[in-house]
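Everything below concerns the one structure shown next.
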Amino acid sequence: MKQSYYPQEIEKKWKKYWEDNKVFKTENDNGKPKYYALSMFPYPSGKLHMGHVRNYTITDVIARFKKANGFNVLHPIGWDSFGLPAENAAMKHNADPEKWTDENIAYMTEQLKMLGLSYDWDREVTTCKPDYYKWTQWIFLQLYKKGLVYKKEAAVNWCPSCGTVLANEQVIDGKCWRCDSEVEKKYLSQWFVKITEYADELLTDLDLLTGWGDNVKTMQANWIGKSHGAIFRFPVVDAPSGEKMEVPVYTTRPDTVYGITYLVVAPEYKDIEKLTTEENKKAVEEYRANARKMSEIERLSTDRTKTGVPLGTHCKNPFTGEIFPLWTADYALVEYGTGAVMAVPTHDTRDFDFAKKYNLPMKVVIQNPDNPSNCENEAYVDDGILVNSGEFNGMKNTQAKKAITQKAVDEGFGEFKTQFRLRDWLISRQRYWGAPIPVVYCDKCGIVPVPEDQLPVLLPKDVDFSVVGKSPITTSPTFKDTVCPVCGGHATREPDTMDTFICSSWYYLRYADANNDKECFNKDIVNKWLPVDQYVGGIEHAILHLLYSRFFTKALRDCGLLDFDEPFKNLLTQGMVLKDGSKMSKSKGNTVDPDEIFENYGADTARLFILSDSPPARDFDWSDAGVEGCYKFLNRVWRLVASNAENISHDVIACPHSVAIQTTDKANDDLIRTVHMQIKGITNDITNEFQFNTVISKYRELVNSIYDWLGKKPELNEEDKNVLSFAIVSMLKLMSPVAVYLTEEAWHELGGEGSIHDQPWCKWDENLAKSSSITMVVQINGKVKDKIEVDAEISKEDMEKQALESDKIKELTDGKSIIKVIVVPGKLVNIVVK
RNA sequence: GCUCCAGUGGCGGAAUCGGUAGACGCGUUGGACUUAAAAUCCAAUCGGGGCUCAACCUCGGUGCCAGUUCAAGUCUGGCCUGGAGCACCA
């Protein structure tokens with residue numbers, strides 16, 4: 001065996017061997033229980049970055065660990081390959097986005113293989129290939145049939161830089177999630193997916209996801225935003241047209257209804273013109289025009305300084321008979337509730353600010369009995385007792401919510417209402433590089449879905465990518481015109497493509513049955529593999545991808561395509577990879593290229609380091625010194641194996657845990673115990689929360705223990721050789737999920753049969769996984785005063801006895817009275833004295 | 001403003017049930033080997049105080065203030081700081 005460690009040589013050899021022999025191919029059924037380990041699939045941007053390396057290494061170690069522990073493991077990979085960067089690259093060079101994408105996939109595939117990831121490449125899925133997007137389109141049609149897809153004219157978010165609309169989830173602080181441009185509002189007819197129909201289930205089923213972090217679950221819960229309240233309808237008393245009108249409002253504070261002093265409708269409110277008097281028309285029109293011109297950003301930045309104008313008309317409060325004015329103000333949002341708000345300045349901070357500014361009246365209706373407030377300086381928004389509220393006076397406001405709404409129900413001007421903040425998912429994109437929406441517009445029949453046997457609707461190739469301001473798809477001379485599948489007359493194709501998040505909402509299902517050309521996936525196979533046992537990916541997908549995928553699973557379940565409710569049983573959101581304290585990015589110039597690490601130190605070093613310094617969920621700070629340290633450690637491991645290769649017993653290699661090793665000296669006994677302890681510790685650390693950083697600490701401890709042992713053994717007898725073999729072979733297996741190449745090479749050099757990655761995981765003996773003696777701590781009044789080395793099996797009584805007999809303790813307790821002695825078996829004795 | 005997460009040496013972090021705070025590593029310092037360097041190996045490394053130095057002894061210490069307990073990094077209450085998400089959602 002070579003005495004020096006040459007990772008580059010070893011790694012290229014095994015990479016080719018694993019690839020040629022399809023070592024990581026997964027059968028759908030091999031009699032073992034299933035385990036599905038999944039990383040969020042990458043966008044083929046060109047090269048892997050360290051975030052990918054971290055993500056895929058974590059999942060890979062989990063997959064290998066589960067495989068060694070007797071599971072049939074599904075560990076696939078694919079490409080989220082539709083999307084704008086490919087199209088932008090194409091437009092820049094007037095080239096084909098497909099070519100750009102294919103080249104990137106080819107390069108990144110080599111990088112993934114170099115990293116030693118145990119994927120079943122036969123299940124590779126590429127969302128931009130017709131054999132995949134055919135089924136994306138098919139699923140679209142199933143949702144259409146179910147009434148979960150519809151087209152409507154709506155105010156939508158438009159990114160001028162990307163030249164397309166965006167879903168609400170893709171607008172971050174009023175800016176485009178991808179390019180950071182300010183998003184504009186546009187009125188367009190677009191396709192929507194009715195995710196709101198599942199709002200309640202998406203919320204309540206979060207409780208089923210015990211394997212998800214609370215942070216992600218709260219983010220989703222907040223996004224869905226369920227609230228309970230009431231709708232009240234206020235009759236308009238002086239509509240200019242003279243017609244009978246009413247304004248409905250949604251409120252979560254029906255208990256404050258006696259305190260209404262005005263009412264606000266959004267500038268975009270549909271009946272606003274009919275509610276405006278001739279005198280106020282000009283001012284209202286101006287205000288509305290101004291609101292329309294303002295971008296989302298400006299509307300947000302007007303935070304706290306509220307503006308508005310009166311409409312001139314009035315409503316009647318059916319509870320009190322009071323008449324109050326109608327206003328329009330942009331703090332009322334047209335998309336939420338009814339687009340109108342009942343204003344109670346005394347008990348709502350926004351209404352309070354507005355009323356102060358425009359000198360509108362206020363009326364206190366909720367009082368804190370212990371600390372009454374007249375709400376002159378601020379709104380009182382907490383719970384209290386109703387006052388000035390007619391028959392409800394004296395009632396607790398929490399009860400009054402129900403009682404007051406009930407009165408509105410009984411008298412016919414209101415009802416109970418549950419409201420969600422979640423909006424329907426806008427999926428049309430005015431771009432080329434996506435799955436075409438499989439719909440045609442017939443001159444006679446209107447909207448007609450493409451029949452399933454005509455799928456896929458292929459992306460046209462005869463397009464001009466140099467166009468600006470419109471989708472390249474519209475430049476195709478052959479794509480647009482077609483025949484109506486119903487009447488055979490002239491029809492035009494839908495030019496929009498689907499949001500790529502549609503493609504990524506079902507890829508994890510396709511992996512189960514990736515090569516099926518008859519259906520999107522076989523129901524039985526999907527039911528067998530899913531749900532995903534462990535999903536690993538970035539926290540940035542906490543809302544977008546994870547919410548959409550949960551919705552898709554539920555919708556496809558209701559289409560009869562599968563039989564489970566949630567796609568991802570356990571979710572690990574890994575932290576970011578930082579360098580010098582900030583996120584790695586090209587603009588900051590603090591990126592580290594994985595290729596360079598592979599070239600200089602090898603993939604095993606990269607894998608070891610990326611797992612070593614932080615627990616997976618926390619951010620990870622990349623340091624060159626840390627890489628160096630990991631490389632040195634692997635060298636140390638290699639030297640340990642290489643310099644002792646001739647002392648390794650073949651019987652032990654063949655069956656390390658069945659050879660009973662007799663120990664006749666303490667050093668040997670201690671090393672055996674250490675190995676058992678480390679097997680137990682490492683196994684538990686991986687099982688509990690995937691604490692790979694402590695796993696790696698334990699690798700180091702184990703290696704240090706073996707070196708220490710060797711230091712005590714200038715010459716090795718037969719027993720020593722068996723003990724050493726057991727320690728080294730166990731160490732290699734324990735390290736094999738992380739240092740995949742080094743351990744495989746060492747295993748072969750030592751004469752092991754087959755692949756170390758097919759060897760079962762190490763077992764430990766509970767009796768051997770503890771040391772023969774323990775350090776008993778003796779405290780006085782909770783402070784450590786002495787440590788005594790005692791036998792591990794010592795009884796409680798003996799512990800107390802030995803503690804009290806210690807010279808040091810005797811001295812310290814001399815002249816004091818012992819009140820109590822607490823004995824924690826196997827740990828410590830605490831003596832309470834006065 | 002609301003919600004969630006976090007706060008431990010010079011640094012990354014460890015501490016399973018409340019039971020020895022600082023595992024393991026990085027860095028630093030000293031030493032061995034070497035003509036020299038690299039590599040490697042060994043040792044020290046939370047702070048204050050005591051002792052001429054050292055071994056050693058002693059006190060303090062996990063963001064801050066209280067509390068519960070024989071015992072608190074860990075539990076409870078209140079704050080402070082940082083990060084993330086949502087944000088005029090009625």
Side-chain angles (χ1 to χ4, degrees), chain A residues 4 172-173 213-223 225-227 229 249-253 256 264 266 299-300 302-306 329-333 335-344 347-351 353-354 381 419-423 539-540 542-543 575-576 609 612-615 617-630 632-633 635-636 639 681 684-685 688-689 691 693-704 707 711 774-787 819-833:
Chain A
S4 294
I172 316 286
D173 290 337
D214 284 337
N215 53 342
V216 177
K217 287 197 278 187
T218 0
M219 276 162 76
Q220 291 215 354
N222 290 343
W223 189 264
K226 186 178 185 175
S227 67
V249 303
Y250 172 72
T251 181
T252 54
R253 293 298 304 273
T256 63
V264 180
R299 248 174 105 155
L300 281 179
T302 57
D303 208 15
R304 309 265 176 256
T305 52
K306 293 181 174 45
D330 61 11
Y331 80 90
L333 306 174
E335 320 92 82
Y336 187 75
T338 63
V341 192
M342 61 177 228
V344 184
H347 306 298
D348 180 282
T349 50
R350 292 153 305 190
D351 298 341
D353 292 345
F354 193 79
V381 297
Q419 183 73 36
F420 292 94
R421 289 177 41 199
L422 184 71
R423 317 275 159 80
I539 185 75
E540 67 273 18
I543 294 172
M576 287 187 301
F609 177 54
S612 66
D613 265 5
S614 297
R618 246 190 264 183
D619 286 350
F620 176 88
D621 209 338
W622 183 275
S623 80
D624 296 337
V627 182
E628 197 74 39
C630 286
K632 284 182 184 172
F633 174 64
N635 273 284
R636 186 167 152 84
R639 279 196 307 275
N684 287 345
D685 283 358
N688 312 329
E689 313 286 325
Q691 288 186 50
N693 54 330
T694 55
V695 167
I696 288 162
S697 302
K698 290 182 169 83
Y699 290 165
R700 293 177 187 272
E701 285 175 350
L702 177 56
V703 170
N704 290 346
Y707 270 107
I774 52 164
T775 308
M776 178 176 82
V777 169
V778 186
Q779 297 179 328
I780 293 178
N781 292 343
K783 306 236 179 219
V784 178
K785 295 294 171 188
D786 199 9
K787 294 170 188 180
I819 298 170
K820 187 148 81 157
V821 179
I822 290 135
V823 181
V824 182
K827 281 225 165 92
L828 61 70
V829 175
N830 188 14
I831 301 161
V832 187
V833 299

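Within every chain, numbering begins at 1; the chains are lettered A, B, ... in the order of the sequence lines, protein sequences first and strands thereafter.
Among the heavy atoms of the strands lying under 4.0 Å from A:Arg421 is at least one base atom, whether or not backbone atoms are also near. A:Lys783 comes within 4.0 angstrom of sugar-phosphate atoms only, judged by non-hydrogen atoms across all strands, and of no base. Contacts of A:Lys785 with the nucleic acid, taken as non-hydrogen atoms under 4.0 Å apart, involve only primed sugar atoms and P, OP1 or OP2. Residue A:Val832 is in sugar-phosphate contact alone, with no base atom involved, counting any heavy-atom pair closer than 4.0 Å across all strands shown. At a threshold of 4.0 angstrom between heavy atoms, the contacts of A:Lys632 are confined to the sugar-phosphate backbone, with no base atom among them. Nucleic acid contact for A:Val784: sugar-phosphate only, since backbone atoms but no base atoms lie under 4.0 Å from a heavy atom of the residue. Within 4.0 Å (heavy atoms only), A:Asn215 reaches sugar-phosphate atoms of the nucleic acid but no base atom.
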Every protein N/O within reach of nucleotides 15-17 of chain B N/O, cut-off under 3.5 Å:
| residue | atom | partner | partner atom | Å |
| --- | --- | --- | --- | --- |
| B:A15 | OP1 | A:Gln691 | OE1 | 3.4 |

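At whole-Å resolution of the value, CD1 in A:Ile539 and P in B:A84 are 12 Å apart. Note: CZ (A:Phe620) to P (B:A6) measures 20 Å, nearest angstrom.
An OP1 or OP2 oxygen of B:C41 is reached within less than 4.0 angstrom by a side-chain nitrogen or oxygen of A:Arg639. Put simply, A:Tyr336 has a side-chain N or O that comes within less than 4.0 Å of OP1 or OP2 on B:A90.
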